[in-house]
Amino acid sequence: MMEELAALAQWHNVRFMAEGLWITLRISGLTIAFSFILGTLLGVMRYSGHWLLARIAAVYIESFRASPLILLILLFRFTMPLKPVNSGTLAMTLFTAAIVGEIVRGGLNSVDKGQWEAARSQGFTWWQTMQHIVLPQALRKMIPPLTGQFITVVKDTSYVWVVGVQELTGKGVIILGQHGSTL
Amino acid sequence: MIQLINVNKHFGPLHVLVDVDLTVKSGEKLVVIGPSGSGKSTLIRCMNLLERPTSGTVIVDGVDITAPGAPLTKVRQSVAMVFQQFNLYPHKTVLENVTMAPILVKGIPREEAEASGLEFLDRVGLKHKANAYPSQLSGGQQQRVAIARALNMRPKIMLFDEPTSALDPEMVQEVLDVMIGLSQEGITMVVVTHEMGFAREVADRVIFMDGGQILEEGPPEHFFEAPRHERTRLFLSRILR
Ligand SMILES: Nc1ncnc2c1ncn2[C@@H]1O[C@H](COP(=O)(O)OP(=O)(O)O)[C@@H](O)[C@H]1O
Ligand SMILES: [Mg+2]
């Protein structure tokens with residue numbers, strides 16, 4: 001047992017794992033950044049009640065939320081002319097954006113209607129009200145659920161392993177396999 | 001100054017304003033009274049189009065704001081509103097609350113908006129709270145900030161929707177005092193309130209609403225001395241006690 005642990009700590013294994021960590025961080029970093037932008041857009045669109053934009057956002061959100069992430073990753077892997085790591089990141093981004101969209105919409109809904117009335121009565125446009133009054137208040141309320149979702153993103157990067165990308169979990173499994181470990 | 005012509009408002013099956021005609025003259029102080037649900041808020045919210053009438057015309061300062069493509073944000077800059085629940089921006093300081101719209105909507109330079117904002121805060125007795133957040137203030141203080149916020153837009157018209165109804169009794173007078181001070185100026189005021197003492201002191205005219213209609217109107221004395229309708233008498237006897 002101790003020998004096995006020592007073997008795991010060998011330099012080339014540590015470096016191998018560090019590469020995995022880097023890939024995990026890259027996938028999750030990109031996913032978090034882009035899903036936040038896209039998700040905010042989707043959440044605002046759905047919240048707006050605009051006859052077209054709200055419907056587009058609703059269809060997008062409901063479709064992606066209903067799809068298992070692992071299925072999306074496989075689907076994107078085999079239908080997109082991208083490197084596996086990129087198609088995986090794209091799948092995760094589009095999936096997470098749907099969830100972020102719902103978090104954003106929930107945050108927007110939790111802002112008191114009186115804020116709109118005060119701002120509009122002062123002559124703010126719809127966009128100014130959204131940008132300066134409503135969205136900043138909504139973002140504060142969204143911090144806890146967003147944090148939770150983004151932690152999930154980091155964990156879910158291990159799904160990308162199924163399409164051949166060796167991130168942190170994947171590399172760990174390989175090392176354990178090489179050492180015939182029962183850990 | 002403000003003209004409502006044959007205004008109707010429906011909320012689904014509810015007919016909330018029924019053929020309302022009303023003209024508020026420039027500089028007039030109008031007080032609106034009436035039982036809960038009679039359409040007072042809806043009426044006053046039609047004056048800045050927070051509610052859009054189902055039919056009829058609203059003319060503010062010569063502009064038909066119910067016309068398609070009316071310059072709403074422009075008109076709203078000169079029609080300030082004070083709400084029952086204050087509706088201050090909770091993520092902004094008191095001074096920011098007072099300066100945001102002048103800067104972002106009217107394009108007034110920050111220094112100028114802050115200087116005038118501090119003057120108005122001083123006038124409502126809250127200059128020393130300029131850097132506080134709304135949640136750190138009492139209800140009466142918040143409502144006075146809301147009035148300063150309204151004033152810093154330099155409005156020609158001020159709409160008040162039950163500005164003291166959400167306040168603890170001991171804070172009502174501090175807000176009314178500010179409003180009485182305002183009424184000395186040329187500004188047009190439309191005030192929904194049940195504070196009949198305020199009405200007697202300030203109002204040029206009082207209208208009594210019931211069931212979405214203006215049932216009775218006259219100078220404040222009329223309502224104390226000789227209300228015509230039974231419904232008006234009943235309502236007044238309840239609020240005057
Ligand atoms: N946004 C709304 N949707 C549906 N019904 C409303 C809405 N706003 C007001 N009402 C209804 O319209 C009627 C008049 O309301 P309101 O103008 O707020 O009366 P008041 O201010 O005199 O109490 C009430 O019956 C109220 O329930
Ligand atoms: Mg009301």
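Computed from heavy atoms alone, side chains included, the values below leave out hydrogens, waters and symmetry copies. Bear in mind that the values here come from a model prediction, so they are computed numbers and not experimental data. Each chain gets a letter, A, B and so on, in the order its sequence line appears, and its residues count up from 1.
For B:Leu49, no part lies near chain A; criterion is any non-hydrogen pair under 4.5 Å. The parts of B:Tyr89 that come within reach of chain A are both its backbone and its side chain, each placing non-hydrogen atoms under 4.5 angstrom from that chain. Using a 4.5 Å cut-off between heavy atoms, A:Glu117 touches chain B through backbone and side chain atoms alike. B:Lys74 does not touch chain A: none of its heavy atoms, backbone or side chain, sits under 4.5 Å away. Within the 4.5 angstrom heavy-atom criterion, only side-chain atoms of B:Arg45, from C-beta onward, approach chain A. Both the backbone and the side chain of B:Leu104 come within less than 4.5 Å of a heavy atom of chain A.
When only modelled atom types and interatomic distance are considered, B:Asp161 and B:Ser41 share a side-chain donor-acceptor pair under 3.5 Å. In the model, B:Asn152 has a side-chain atom that pairs as donor or acceptor with a side-chain atom of B:Ser116 under 3.5 Å.
Most heavy-atom pairs under 4.5 Å with chain A, from the set B:Leu159, B:Val82, B:Leu88, B:Asn48: that is B:Leu88. Considering only heavy-atom pairs separated by less than 4.5 Å from chain A, the leading option among B:Met100, B:Lys106, B:Met153 is B:Met100.
Taking the side chain as every heavy atom from C-beta outward, B:Ile207 and B:Leu22 approach each other to under 4.5 Å. Side-chain contact between A:Val104 and A:Leu42 is absent, with no heavy atoms from C-beta onward closer than 4.5 Å.
Other residues, nucleotides and ligands contribute more than 12 heavy atoms inside 6.0 Å of the CZ atom of A:Phe124.
Nearest heavy-atom pair, B:Leu17 versus B:Cys46, reported as atom, atom and distance to 0.1 Å: CD1-SG, 3.9 Å.
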